[in-house]
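Let me begin by presenting the structure, written as structure tokens, before commenting on it.
Please read these numbers as outputs of a predicted model, since none were measured by experiment. One-based numbering along the sequence shown.
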Amino acid sequence: MEYTEEALRAVISQIAPLNKAVMDQIYRQWDKKAKPLGSLGRLEDMVARLGGIYGSVCPDTGKKAVIVMAADNGVVEEGVAQSDYHVTTTVTCNMTHEDATVAILARMNGADVFPVDIGMYEDVDCPGVIPRKICHGTANMTKGPAMTREQAVRAVCTGIDMVWSLKEQGYGLFATGEMGIGNTTTSSAVASVLLDCPVENVTGRGAGLSSEGLVRKIHAIKKAIQVNAPDPGDILDVIAKVGGLDIAGMMGCCIGAAAARVPVVLDGFISSVAALAAVRLAPACRAYLFPSHCSAEPAGKMVLDALGMEAYIHAGMCLGEGTGAVTAFHLFDTALEAYNKIPEFEQAHIEAYEHLK
């Protein structure tokens, strides 16, 4: 696809609603299973939604992929993080040989990890890191826009292309992940604007900031919003001015997956902020998104609430990288195994339950 705003709008126009007839048929199939009606709760809804997405009463996710958008953020200059861009580079490269947490958990859950250099400060020659660099990190958003609008659009389109390319390779269930020092700062800035919420309420310590560091982080976000005056009614303006290339890339994953009729499992705070931005830009993509866990970051639940979503996992996680989403992959396997293997009442020699008023 062309990496233009016009092309992006064209992709958004391709997003179709879920197949309700298939979903209704799957719910009827659940009601025939030898168990109390509705007793698998949200797992039953999960299978129905998967069927509605794929358009099949026998949904099959195919191969699982974790797309990790890696990018650096110029706002780190303001002392908002413990680490610098070297950590972004190191962890991203570690993802290619199972020395990163997300890679270890992905292997456990039958998924492949695809780290994407969408905007790391350093250039890397690391087999397995996919080169899609828009620029060498964003600018310091306290002094002006983090990136141009054109760069934000290119990053979103990069996410779309990543999903489309992997779908052609047989991947049918995706997770969004990220790696980038300073990205809880950019995510908090975007959340503050989109939720119309005070910066203090949406900003946490990230990867372990001190109290003094948290004060600097809050001040930097306030300054960035004041200097750039992002327009909450123009999502691309918000992302360009106070967002990050990783956030924009994950937005594209959400939009591209919906256009391609494949589901995306969201990770934590940063991934959910990207999803919120994607849904504000392309409301129809929401039906294709599944939350994994509720991040321990202060705005983790706030962003999910704004999306109208409830997490499947509440474990106090806040690591990022896609680790929560990968952990949730097991729930999809469990739901589908139950749907496919639980016998019907007649087969199990059990009298069928009925829906009672």
Met1 atom CE, over 12 foreign heavy atoms within 6.0 Å: yes
Straight-line distance of Ile221 CD1 to Thr186 OG1, nearest 0.5 Å: 8.5 Å
Minimum heavy-atom distance Arg42-Ala311, with the two atoms named: NH1-O, 3.0 Å
Flag if over 12 foreign heavy atoms under 6.0 Å of CD, Gln226: no
Stepwise side-chain contact (heavy atoms from CB on, under 4.5 Å) check, Val124 with Cys93: CA-CA 8 Å; Val124 297; Cys93 290; 4.2 Å; yes
Worked verdict on Asp117 versus Thr89 for side-chain contact (heavy atoms from CB on, under 4.5 Å): CA-CA 9 Å; Asp117 175 8; Thr89 304; over 6 Å; no
Ion pair Arg280/Asp234, N-O distance below 4.0 Å: no
Whether Ser165 side chain and Met162 backbone form a donor-acceptor pair below 3.5 Å: no
Shortest non-hydrogen contact from Thr138 toward Gly244: CG2-CA, 4.5 Å
Under 3.5 Å donor-acceptor, Asn183 side chain and Gly180 backbone: yes
Tyr121 atom OH: more than 12 heavy-atom contacts under 6.0 Å: no
Chi angles and distances behind the side-chain hydrogen bond (donor to acceptor under 3.5 Å, both in side chains) call for Thr176, Asp267: CA-CA 6 Å; Thr176 49; Asp267 190 37; over 6 Å; no
Side-chain heavy atoms of Thr96 within contact of Pro115, under 4.5 Å: yes
SB check Glu78 Lys223 (cutoff 4.0 Å): no
Donor-acceptor pair, side chain of Asp246 and main chain of Met69, under 3.5 angstrom: no
Sub-4.5 Å side-chain heavy-atom contact between Val102 and Met179: no
Close side-chain approach of Leu266 and Cys254, heavy atoms under 4.5 Å: yes
Geometric class of the Phe174/Tyr171 ring pair [parallel <30°, tilted 30-60°, perpendicular >60°]: tilted
Compile the donor-acceptor pairs under 3.5 Å between side chains in residues 340-353 and protein atoms, sequence neighbours left out, one pair per line.
unit_1: Asn340; atom_1: ND2; unit_2: Leu336; atom_2: O; d: 3.0
unit_1: Lys341; atom_1: NZ; unit_2: Glu337; atom_2: OE2; d: 2.9
unit_1: Gln347; atom_1: OE1; unit_2: Glu344; atom_2: N; d: 2.8

Stepwise side-chain hydrogen bond (donor to acceptor under 3.5 Å, both in side chains) check, Ser192 with Lys222: CA-CA 9 Å; Ser192 177; Lys222 286 183 174 181; over 6 Å; no
Linked, directly or transitively: Val11 and Val262 (ILVMFWY side chains, under 4.5 Å): yes
SB check Arg154 Glu150 (cutoff 4.0 Å): no
Sub-4.5 Å side-chain heavy-atom contact between Lys133 and Met120: yes
CG-CD1 distance between Leu194 and Ile239, expressed to the nearest 0.5 angstrom: 6.5 Å
Donor-acceptor pair between Asn73 and Tyr85 side chains, under 3.5 angstrom: no
Evaluation steps, side-chain contact (heavy atoms from CB on, under 4.5 Å), between Leu195 and Val303: CA-CA 8 Å; Leu195 299 177; Val303 174; 4.2 Å; yes
Contact check, side chains of Met317 and Ser295, non-hydrogen atoms, under 4.5 Å: no
OG1-CD1 distance between Thr90 and Ile181, expressed to the nearest 0.5 angstrom: 9.5 Å
side-chain hydrogen bond (donor to acceptor under 3.5 Å, both in side chains) assessment of Thr323 paired with Thr101: CA-CA 7 Å; Thr323 50; Thr101 307; over 6 Å; no
Minimal non-hydrogen separation, Glu98 against Ala103, with atom names: CA-CB, 3.6 Å
Side chain Asn201, main chain Cys197, donor-acceptor under 3.5 Å: no
Spacing of OG1 belonging to Thr148 relative to CG belonging to Leu236, to within rounding of 0.5 Å: 11.0 Å
Side-chain donor or acceptor of Arg286 paired with backbone N/O of Gly308 under 3.5 Å: yes
Heavy-atom pair of closest approach, residues Tyr339 and Lys33: O-NZ, 2.7 Å
Parallel, tilted or perpendicular, as decided by the 30° and 60° cut-offs, for the rings of Phe332 and Phe290: perpendicular
Pair Lys20-Asp24, salt bridge (charged side-chain N to carboxylate O under 4.0 Å, His left out): steps then yes or no: CA-CA 6 Å; Lys20 187 177 183 301; Asp24 289 343; 2.9 Å; yes
Separation between CD1 of Ile270 and CD of Glu321, rounded to the nearest 0.5 Å: 10.0 Å
Distance in Å, Leu50 CG paired with Thr61 OG1, rounded so as to fall on 0.5 Å steps: 7.5 Å
Distance-only donor-acceptor check, side chains Ser210 and Arg205, under 3.5 Å: no
Check ion pair Lys301-Asp305 (N to O, under 4.0 angstrom): yes
Side-chain (Lys241) to main-chain (Pro230) donor-acceptor, under 3.5 angstrom: no
Residues, nucleotides or ligands: over 12 heavy atoms within 6.0 Å of His136 NE2: yes
Geometric cation-pi criterion, Arg261 with Tyr54: 6.0 Å, 45°: no
Side-chain donor/acceptor of Asn228 to backbone N/O of Met141, under 3.5 Å: yes
Polar side-chain atom of Trp164 near backbone of Gly256 as donor-acceptor pair, under 3.5 Å: yes
Any side-chain heavy-atom pair of Ile225 and Val199 under 4.5 Å: yes
Full working for side-chain contact (heavy atoms from CB on, under 4.5 Å) between Phe269 and Ser188: CA-CA 9 Å; Phe269 174 52; Ser188 295; 3.7 Å; yes
Least distance between heavy atoms, Leu304 atom then His293 atom: CD1-O, 3.9 Å
Shortest non-hydrogen contact from Gly119 toward Leu245: CA-CD1, 3.7 Å
